[in-house]
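For reference, the structure is listed below as structure tokens.
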Amino acid sequence: MNRAFVEVGALAVLGLAVLTLWVRSRRGTIESDGGYPTREGLVLELGRLRERLLHYLTTTDHRDIGLLYIYFGTVAALWGGVDAMMLRTELLTPPADIWTPETYNALFTTHGLTMLIFFVVPVFFGIGNYVLPLLIGADDMAFPRLNAIGFWLLPPSLLLVRGGLFVQVAGQLLSRLAPWVDAAFFFTLREVSVGWTLYAPLSVRSTNPQLDLLLLGLHLSGIATTIGAINFIATVVYERGEGVHWGNLDIFSWNMLVTSALALFAFPLLGAALVMLLLDRNLGTAFFTADGGGPLLWQHLFWFWGHPEVYILFLPATGLLSTILPKFVGRKLFGYRFIVYSTLGLGVLSFSVWAHHMFTTGIDPRVRASFMAISIAIAVPSAIKVFNWLTTMWDGDIRLSAPFILSAGSIATFIVGGVTGVFLAVIPVDILYHGTYYVVGHFHLILVGIVPFLMMAAGYYWYPLITGRWYDRRLAQFQSVLLVFGSTVTFTTLLVVGGLGLPRRQAIYPPEFQFAQQLATVGAYVIGLAVLLWLYNMVASYWRGQPVRTTDPWELKATNQFTREWQWFEDRLVAQYDMEPAEPETTRRSYAPEAEPTSLLGGAVGSVGRTVSRNAALGVLGGLVGTLLMTGGLGTAAVIGVLDPASFGELATLVGLPASPLLGAVLFLVGGTVTWPLLFLTFQEYLPGRLLFETGLTFATIISTGFIIAFYTGQSGLELLGYVGFVLVAHWAYGLGLTVTFQYLRRRDAEGVDG
């Protein structure tokens, strides 16, 4: 298949779909006179669109530039996402029968560079541009014109990096439509296929001129990022409003400050290395040749930028998580000071771990040992953040909205990704797993599991503030669950196959891994579907979403979390639309344990039949969610061989059915959906634990002992340890799913009664 046509075609279809959605949504919008927009109205709308376009081209307002960053990053994400979908499609079958191996290499090269350079950083800079001045009480960024310049350097840099694709398509079209024209020039540029790390000597010797344009484009993007970083630092340091000091600076601003400091040190070094590589390629210098500085020098320089870059991508996401999570659990962030210290610690340590990417290069063992120690130590500040998030959530009053689902899901994936990363910090394990899918799974569980999750969570959280409208909240909940599910399936599978030794970066793989690769590809398609649903929701809701009718859309005043950006939003609504400031009926501390009902159903009393039916419905729904969550742990245990699926067959024989594992699994699902939730409802008041979370985990731990005994098939040693560990984790997932669902249903029930 022609890769260039497929990729450009997919991008064109995406663009046309968004345009069609915009036109249809606009037509469906009800005008103020009760009618619908006419054709003339749409023409007028296009005229206004041109005015807005001119405005965006010349604006220096921080909110407009923030939106430009977000639009640009979204386009880049879709482009890099198309690369990923094409990669996973190739891996559906063991041989390279869809794309050629060179095309496969080009896909993972451009996917990595597009996502890391042109998606994540621009979107976080966009969110920072929009909300950071509002959060700290500043009028604008410190250098508004410099801010605009920083953004407008990005589009040409992306075109330099990836423009070869369009040149190829132009050449192919020209050769077919006008065969008499010499199109040889267009075929000289090909998408780069040397890997996103651009390792020398391959990158030095490659004759593809597109690689030179790519290096120039990356250099330009580095300049743009450095300009943006300087602006964020100056804004936080010098533009804070009255009453905002270092002790009460919000967590997101702290994270953007540390992120900007990292970028300020890391990107100039990358720029210098890129110039050196350009000189090697074009002027015959010897920075990275074997008779000069050597290929290892490139790795040192690249990873001295590359590992802080991981934290440049990671820290803003943690800042968003620390900002958004407390709003949906009804209590303020636990351990503000320790989260700030851990952010600073990660910033410092991130520059001290680059050589763990080079454990297999044969560098001095003493140097390797020191980097191993620091790489393990960096888990400490990361763990501090996780414990504080869990503690914040633990004692809270959970509101099961899309931002909360994404926040909680990101904590779960980060825990798995982080723990598996600790193993990679250990030299013998790293040597074993280096170059396998284990690294891919670990890396993506952290970055995909927290970066896009929190970008979307922030989009949902601040959508009313930015647009004045509500998005489709039910669709958002479904999309969030879908994204968490798809990410878990995809990257957990890659962890497993990597643990079994499957090499990465290869288009051809052994047939015995085909099922796992297909499973990961299906998970990737689910991620792609979730992203498209998010895009649809954002675009359609911009025109057709319900207008926000209160100055406190998330009822943050009730828990004293009505932060500065929402105060700005309220002032704007009051000034522009003469709205009355929202006042909650009651205010309370961010958490009031005495207000928690002691009964699962919140004290609502009805007839016996109604109560029984409600309990049954609650139990089935909670049990279904819990069982689905549980299957992840049990499925992983079965895949890695510590749980024998045949043991489910014995369950079927207990009720007189054939000893079929499938029948046993169905019975297990029915029991998990019906029997155990009802038992929990019956006995939950007698279980230890003040909160529903605690009783749920206690219950899950108790029933896990029965599972361990019933499904034990003679495992011993590490296999037995793995069996017990996975069973416990799977049951805790079941308990959490059960209780979170009950908590949500109870809250909805109470709101329905109040309403």
Side-chain angles (χ1 to χ4, degrees), residues 3 80-81 83-116 191-199 202-203 299 302-303 306-307 309-310 313 356-361 413 416-418 420-449 486-525 527 636 639-640:
R3 175 258 171 133
D83 287 330
M85 293 302 112
M86 294 171 70
L87 273 175
R88 292 308 318 174
T89 302
E90 167 55 44
L91 295 171
L92 280 170
T93 56
D97 49 7
I98 298 178
W99 320 116
T100 64
E102 184 183 3
T103 297
Y104 181 84
N105 293 344
L107 283 170
F108 76 71
T109 300
T110 52
H111 167 68
L113 288 173
T114 306
M115 288 304 199
L116 290 177
E191 287 277 75
V192 174
S193 57
V194 299
W196 74 273
T197 51
L198 305 172
Y199 277 161
L202 187 60
S203 55
Q299 293 195 35
F302 181 86
W303 287 115
H307 205 85
E309 167 69 359
V310 173
L313 310 178
H356 76 224
H357 292 274
M358 302 157 63
F359 281 164
T360 59
T361 59
T413 52
V416 179
T420 51
V422 175
F423 294 117
L424 285 177
V426 180
I427 295 170
V429 179
D430 181 79
I431 291 173
L432 188 64
Y433 288 130
H434 187 86
T436 70
Y437 272 100
Y438 184 90
V439 179
V440 181
H442 148 70
F443 179 74
H444 282 80
L445 273 170
I446 289 182
L447 285 193
V448 176
S487 302
T488 306
V489 168
T490 304
F491 304 120
T492 305
T493 305
L494 296 185
L495 265 182
V496 173
V497 297
L500 296 173
L502 181 63
R504 57 175 170 159
R505 296 172 177 159
Q506 294 184 9
I508 303 168
Y509 60 88
E512 58 265 30
F513 291 102
Q514 183 175 5
F515 175 72
Q517 289 282 25
Q518 289 173 340
L519 188 63
T521 300
V522 170
Y525 289 161
I527 296 173
T636 305
V639 169
I640 66 174

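Since this is a predicted model, take the numbers as computed values, not measurements. Reckoned from all heavy atoms, side chains included, excluding hydrogens, waters and symmetry mates. Throughout, residue positions are numbered sequentially from 1 according to the sequence presented.
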- request: Spell out, as yes or no, whether a donor-acceptor pair under 3.5 Å connects the side chain of T413 to the backbone of G449.
  value: yes
- prompt: By side-chain contact (heavy atoms from CB on, under 4.5 Å), which residues pair with H356, not counting sequence neighbours?
  reply: H307, V353, F359, S375
field: Residue pair T490 / I527: nearest heavy atoms and the distance that separates them
entry: OG1-CD1, 3.9 Å
- request: Of all the heavy-atom pairs spanning W99 and M86, show the shortest one and how long it is.
  value: NE1-O, 3.0 Å
statement: Contacts satisfying side chain to side chain donor-acceptor pair (under 3.5 Å) that involve residues 507-519 (not counting sequence neighbours) are R88-Q517
- request: List the atom of A507, the atom of A96, and the distance in Å for their closest heavy-atom pair.
  value: CB-CB, 4.1 Å
message: Angle between ring planes, W196 versus W303, binned at 30° and 60°: parallel, tilted or perpendicular?
response: perpendicular
query: How far does CG of L432 sit from CD1 of I427, to the nearest 0.5 angstrom?
result: 13.5 Å
- prompt: Quick one: CE on M358 to CG on D430, what's the gap to the nearest 0.5 Å?
  reply: 12.0 Å
task: Taking atom CZ of F513 as the centre, report whether more than 12 heavy atoms of other residues, nucleotides or ligands fall under 6.0 Å from it.
output: yes
message: Can you list everything that forms a side-chain contact (heavy atoms from CB on, under 4.5 Å) with L519? Sequence neighbours excluded, please.
response: V489, T493
task: For residues L502 and P510, report the shortest heavy-atom separation together with the two atoms involved.
output: CD1-CD, 3.7 Å
task: Could you tell me whether the side chain of S203 and the main chain of L198 form a donor-acceptor pair under 3.5 Å?
output: yes
- line: In terms of heavy-atom contacts, H111 and G80 come closest through ND1-O, 2.9 Å
task: Using a 4.5 Å cut-off on heavy atoms from C-beta on, say whether the side chain of Y438 contacts that of L494.
output: no
- request: Can you measure from CG (L92) to OG1 (T521) and round to the nearest 0.5 angstrom?
  value: 4.5 Å
field: Sequence-distant partners of V416, side-chain contact (heavy atoms from CB on, under 4.5 Å), two or more places apart
entry: L445, L495
- line: So CZ of R505 and OG1 of T197: to nearest 0.5 Å the spacing works out to 5.5 Å
message: What I'd like to find out is whether the side chain of V448 reaches to under 4.5 Å of the side chain of S487, using heavy atoms alone.
response: yes
- request: Would you check if I98 and Y104 make a side-chain contact, meaning some heavy-atom pair closer than 4.5 Å?
  value: no
message: If you define the side chain from C-beta out and look only at heavy atoms, does anything of V439 sit under 4.5 Å from R504?
response: yes
- line: Hits for side chain to side chain donor-acceptor pair (under 3.5 Å) against T100, two or more places apart or cross-chain, chain-then-number order -> T103
task: For residues P503 and Q506, report the shortest heavy-atom separation together with the two atoms involved.
output: CB-NE2, 3.7 Å
- prompt: Listed by chain and number, what are the side-chain contact (heavy atoms from CB on, under 4.5 Å) partners of F443, not counting sequence neighbours?
  reply: L116, V310, L447
field: E191 vs T109 side-chain heavy atoms within contact, under 4.5 Å
entry: no
query: Going through the distances and angles, do Y433 and T436 end up as a side chain to side chain contact (heavy atoms under 4.5 Å, CB included)?
result: CA-CA 5 Å; Y433 288 130; T436 70; 3.9 Å; yes
field: Side-chain touch H442/L424, heavy atoms, less than 4.5 angstrom
entry: yes
